[in-house]
Each structure stands twice: as C-alpha cells, then as structure tokens.
4 protein chains.
Amino acid sequence: MKTMRADALRNRAQIVDAARILFITRGPDTPMEDIARAAGVGVGTLYRRFPDRDSLIIAVGQDVVGRLTEMLHAAREAESDAWHALGRYLREWAEIRLGLLYDALCHGMPPAVRADQDLARARDDWADLLDELLRDAKTEGALRQDVDLVDVATFMNLLIQMEPGGTPDKLLDVMIDGLRGP
Amino acid sequence: MKTMRADALRNRAQIVDAARILFITRGPDTPMEDIARAAGVGVGTLYRRFPDRDSLIIAVGQDVVGRLTEMLHAAREAESDAWHALGRYLREWAEIRLGLLYDALCHGMPPAVRADQDLARARDDWADLLDELLRDAKTEGALRQDVDLVDVATFMNLLIQMEPGGTPDKLLDVMIDGLRGP
Amino acid sequence: MKTMRADALRNRAQIVDAARILFITRGPDTPMEDIARAAGVGVGTLYRRFPDRDSLIIAVGQDVVGRLTEMLHAAREAESDAWHALGRYLREWAEIRLGLLYDALCHGMPPAVRADQDLARARDDWADLLDELLRDAKTEGALRQDVDLVDVATFMNLLIQMEPGGTPDKLLDVMIDGLRGP
Amino acid sequence: MKTMRADALRNRAQIVDAARILFITRGPDTPMEDIARAAGVGVGTLYRRFPDRDSLIIAVGQDVVGRLTEMLHAAREAESDAWHALGRYLREWAEIRLGLLYDALCHGMPPAVRADQDLARARDDWADLLDELLRDAKTEGALRQDVDLVDVATFMNLLIQMEPGGTPDKLLDVMIDGLRGP
DNA sequence: GATGAATGAGACTTCATTCAT
DNA sequence: CATGAATGAAGTCTCATTCAT
C-alpha cells in the first residue's frame, strides 16, 4: 500500500468516480459489472480494489464527504456572511449531485458501511463544519432557528436523488427561501 | 371483468394494498413473493391478477392517484381559501406517504407503466385539479408565482421517498414557508 | 412441511441421491449445477430445497448415517457373532461407498455442518451401535483390543474416497486381517 | 536451462516445497496466489517457472517420487530383511506425508500430468524398486502373497490424505499387521 | 381458481492466467 | 527477471415468471 502503481491508482480513481455517479443515478444496487464497465476496467479489477460492495460504498462515501468539506471551506471564503455562504454552498452541492449520505446519518446503508470508523470520522468533521455554518447563519438572524444539520442534509440528499434531467434549481430556490427566518 | 367473485375482488384489493406499502418502504424491486405473502396469497394468485410486475405497478399507481384526487377534493371543501387547502393537502399527502408518482411525470418508471393510457388519464385529471388549486392560490396572492405542479409533485415524491422513521414534517414546514410569495 | 407434494418429495430424494454420489466421486465442491443436472432438476429447485451447499451436505449426511445404521442392524441380525457381523458390515459399507463422515467426526466439514444438531445426534446413535459391535467383537477375542470406532470409521472413509474403478476389496481384506487379534 | 541463476534455482525449490505441502494440506486446488505467497514469490515468478498448474503438479510429483526413491534405498540399507525394510519404509513415508501419487497410477490427475514422460519414468523406477522389495518380502514368507504394489501405494496415498492432526499410526500398524502372511 | 414448486436468466464473487511496470 | 495488477470464465445464489397439482 506504500507505493501504488500509477495505473492502479488511476483505475482506483476511475472506479470510485464511476461508482459515485452510478450510485446516484441508478441506486446503490447498480450491478458491479456495470460499475466496472463504466470505469473502463474488468470486474476482477474492481474486486481486487474493493473486496465487496460495502467497501466500494465506503470509498465512495469518503470521496463524497471529502469533496463536500472542500466545497464548504471554499464557500465560506468566497462569501463574507454565513447566510450567503450557505446559499452558495447548497447550490454548488446540488449542482454536482454529491449524494450518498442518506439523511446525513447513513440510514439505509449496509451495517458494514455504518460501522466504518474512518468514514464516520470524516462525516463528523464535515458535519461540525456545516453545523458551525448553520449556527453562524442563525446568529446573523438570517436562518430559521428550528432548522438543523439533519434537515439540511436530508433535503439535499432527497434533491440529489431526483432523476437526472430534472430541474432541482427551483426546488432549491423555494427551500432556501423557506429557510430564511421570518 | 363483468362480475368478479367476491373473494377475487378482496384478493385484488389486498394485493394492491400490500404492494403500495412495500413499494414505498422497500422500493419498487420488492420480490413478488414478498408482496404475495404480505397480501396473504400465493404468487400464483398474484400473477393471475397482474400478469407482470408492470401491471401491478400500474394498478398501484391508479390506486394512489385515486386517493390523491379524493384527498384534494376533501381539502378544498374543508378550507375556504386555496392557500390553506394547499397546506392541508400537502400535509395529509405527506402523512399517508402516497408516492409512486416519481416526480409527477413517472420518470424512472418502466416503459409499460409510462405508456399506460388509463393511468395517464387518471394522473392528468388529478394534475388538472392540483393545477387549479395552485392557480387559485396564486390569485389569492399567497403562493409564489414561479411554482408549478411539477415542482410541488416532485418535492412531495422526494419527501415520501425518505427513510421511514424520518421526520418529514419540518422539511414540509420549511417548504410551505418557501412557497409563500414575498 | 406437513404434507409435501409428491413431485417435490421425489425431487428431494433425487437431489440427495445425486449429491451423495457426486460428493463421493467428485468431492464436496462439485458444482451445484452439476448436482442439479444429475438429479434431473434445475438449480432453482435445488436451492429451494437446500438454501445453500451446507444444508445439502447436512441432508446427505443424515441420509448416509441413516443407511449405515440400517445396514449395521441388518448385519448383526444376519450373523451370530460380532466378528462376522463386523466383517459383513464393513464389506457392505465399502460396496455402496457410503462416505461423507470424514473420519467419523466430520473433521474438514464446513462449520455449519459440524454444528448441526440433528446430524450430530444421528451420527452419535450410529456411533454407539458400532461401538457396541466393536466391544462385543473384542469380548469374543476376535478383534484387536487397541482398535476403536474412530480408527474404523477413518479407514472406511479413506477407502471410500478412492477413485471409482479402484478395487478396495483387497485393501479391506488386508485391513480386516489386521484387525484380528493375535 | 543450462545455467540457471542461483536465486532462480532457490525460487524454484521454494515453490515446489510450498506446493508440495499445500497440495497435501489444502488439496490440489489451492489457489496459485497462495502457493506463490507461501513460497515467498509473486505469482508472476511462479508462472515463469511453471507455465500452468499442471506443470507445477508434475514438478511436485517428480520431487515426491525422488524422495520416495531415496527413502526406499535408505530403508533397505538400514534393515537386513525385506519385511522390516518395508515396515520401516512405510512408517517413514507416512511420517513425512509424501503423497500426490493418487493410487500410484495417477488416477484423478489432469491428463497433462498423466501424460508426462519424465514423471512416468521416475515413477516406474520407483515402482520397480518397491516391487522388488515386495517380492523379496514374499520370498521371505513374511508378506501376503496377494498383495502388490498398487495395493500398498493406494493405501499409503489414502493414509496421507487424512486430515492433518489425525493419527495415522494405528491405522498403519493394523495394516502392516494385515500385510503379514498367515 | 388458488397454490406453491420448478425453471433459468442474471448478479455476485473468486481465481487461473496474462501482461504492464 | 520479478512483481503484482488486470482480465474474464466459471461457480454460487436469487428471483421473476411459468406450470403442475
């Protein structure tokens, strides 16, 4: 594991990418063979990297959480107040359809996925960050007081599960409007 | 079809009921055998009534649309203005988790389901009714002008796909808030 | 399970028969599909009766132990002394190649098989019977004192694992000679 | 083939050693990767030395026959009469669990193995030697007249296939007793 | 007409073998 | 030359659908 061969690394990345997209568009039961084909590798390669479906899901989850965390940092730097950072963040999130968190707590995920420590830690770090953003936005008086992390994550995950080709933008607009305090 | 025996009718109803619930809680891929068992009949009986999975989905869809239509009528009668009728309707809809419309246009449904004329007609009738309600609510000045039937149905279907045990109430609250015009 | 359909019962018996023979001639890893074909049924049928390979092994084991027990009773009735009953029993046993006990204590069997209570009980009953036979034969002064059930069962299982077409008769002869006390 | 590098030779020996042990303890279907790991080399190296599983089996077979031949010579030199040499030989053979001859005639071996001329020759040389030993033991009046090479080899191979941890000693004792003429 | 047994296509996973590094 | 990554054929098991009872 020290030094992974260049092609192996590339394959791994392609697999995770393909899986992330297929998990969203076709669900977490997408045949492994389809994932392999989409990644441009054979099934065997997929199974060498990820001994079973769960470990693939975990890898995708870590990838997703990592990206969400990055995006969150970027949004805060780009905006001066928390409310606008939140809006920007949610819009970007929706745009790239980063899902697979399932109501932010991995409900509905296989036990092995829920038990994974690394993934849990990554998710917690991200959650702390988002929590802070929400708190700040409430302090600013812009965000409803009764809304929490779980509500936001749940909504975003629902949004992302929409059929591709749908137009989530308006829905998100309405929701952000609803998030604004009275 | 003229005269269906009483027990046959009862069987049919039990199957549709069981399927509606299982399609929501366990997804539209729920094994036919599980549906049959939940309905208290054998698989053979299920297949006698519904030659394949698609025709069962269609039957459930008609059932659902029928119920939604009834509920809509009831909501309008119970409330004096369209805005409150809308709110009441959405809350009731969420409560009984009547889904299976998949963003109101049956995206993601098997071709045979999308092609079914009877279901299309029933759905259109219901859509007309909901459209009218939305129009009235806009006329009242209570509903945002840019929101249409598809947005509402899409959101409701997403909501219904949430994990059972989730708390969609707050999400719906926020959304209804967002639906209110400025 | 109360009343099993006639054809289902027949199928079950054919499967166990086919499996018993194939487990001996081609090993316990024989593809399930080959077993199904040899039994004249589809794989699905095989899996309906026996949810996995282990449960099939267990069923075959019970069948085998049952037959061994019957044969042992018959041998004792047919012969007046224990020594000759033993010889007759071992020869008949070898002839029909009833194996799958794997050194009499199911060493080398999958955990699920070793854990099965019914099979363990049946095997213990048979073992008691054979033990008694060995004890009687020792009392008669015909059997070596240092030979026990495990030795005999181990040898028989080895013998049965021989390639079909081999001639185990002479080996058994030599062994029986060796079993005679000095 | 003329000059093989020292490390290549060492690798080859390690592979054959590892394979011999694994073929006995885990059967001739042991994954090639496991054999490679046990030998401390990569699969690629294994396949460079032995283009396929069959050629590895052949190499192990030659190794085993070579050892058996050596042991046989040693036993004859150590004992003055053939009967005791036989007993010593069989006991030593059992102790080191040199198998893979499969009833001495390679029944059950892949065609390519059975067709190998070198292996056949080595096995024949060994067989001649053992045959001679048996003949001498019969001449001495110690060994049953009806026992031949195949019987002995078959028995030894069965014995060696016993679960590791079993106690083949008593079985061998009984068998040697049975081998003694009347 | 109802039942549940049988079928076989298809998904998951492993491993012998090839080939890029 | 050694390595271990990639491949795909083969085996296990599930489930939609058909059909005998």
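Throughout, protein chains are lettered first and strands after them, A, B, ... in sequence-line order, and every chain is numbered starting at 1. Remember, it's a predicted structure, so these values are computed and weren't measured experimentally. Hydrogens, waters and symmetry mates are skipped; everything else that's a heavy atom, side chains included, is used.
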For this session: Give the minimum heavy-atom separation between A:A39 and A:I15, together with the two atoms involved.
Result: CB-CA, 3.6 Å

For this session: Could you tell me which non-hydrogen atom of B:R49 sits nearest to which non-hydrogen atom of B:A8, and how far apart they are?
Result: NH2-CB, 3.1 Å

Take the protein atom [atom1] of [X] and the nucleotide atom [atom2] of [N], then report the distance between them rounded to whole Å.
X     : N      : atom1 : atom2 : result
C:R49 : F:dC13 : CZ    : P     : 17 Å
D:L46 : F:dT3  : CG    : P     : 11 Å
D:D34 : F:dG4  : CG    : C1'   : 14 Å
A:R37 : F:dT7  : CZ    : C1'   : 14 Å
C:R48 : F:dC15 : CZ    : P     : 12 Å
C:I35 : F:dG11 : CD1   : C1'   : 12 Å

Problem set entry | Qualifying residues under salt bridge (Lys or Arg N to Asp or Glu O under 4.0 Å), relative to D:R26, sequence neighbours excluded | D:D34

So how far is it from [X] [atom1] to [Y] [atom2], rounded to the nearest 0.5 Å?
X     : Y     : atom1 : atom2 : result
B:D52 : B:L46 : CG    : CG    : 10.5 Å
B:I21 : B:T30 : CD1   : OG1   : 11.5 Å
D:L56 : D:R20 : CG    : CZ    : 11.5 Å

For this session: Check every nucleotide of DNA chain E for an atom under 4.0 Å from a heavy-atom of chain B, then give the first and the last such nucleotide from 5' to 3'.
Result: E:dG1 to E:dA5

Problem set entry | Within-4.5 Å side-chain heavy-atom neighbours: D:I35 and D:F23 | yes

For this session: Determine: side-chain N/O of C:R53 to OP1/OP2 of F:dT12, distance under 4.0 Å, yes or no.
Result: yes

Problem set entry | Side-chain N,O (C:Y47) to OP1/OP2 (F:dT14) below 4.0 Å | no

Exercise. Starting at the 5' end of DNA chain E and moving along, which residue's nearest nucleotide shows up first, C:V43 or D:T30?
Worked result: C:V43

Problem set entry | Given DNA chain E, 5'-ward residue of the pair D:M32 and A:D29, judged by closest heavy atom | A:D29

Seminar exercise, completed: Base-pair string, DNA chain E, Watson-Crick plus G-U, cut-off 3.5 Å on both distances, | for inter-strand, is .||||||||||||||||||||

Exercise. So which one's nearest nucleotide on DNA chain F is more toward 5', A:G42 or D:N11?
Worked result: D:N11

Exercise. Quick one: on DNA chain F, does A:A8 or C:D52 contact a more 5' nucleotide (nearest heavy atom)?
Worked result: A:A8

Exercise. Would the number of heavy atoms belonging to other residues, nucleotides or ligands and lying under 6.0 Å from CZ of B:R12 be above 12?
Worked result: no

Exercise. Any Lys/Arg nitrogen of B:D17 or B:R67 sitting under 4.0 Å from an Asp/Glu carboxylate oxygen of the other?
Worked result: yes

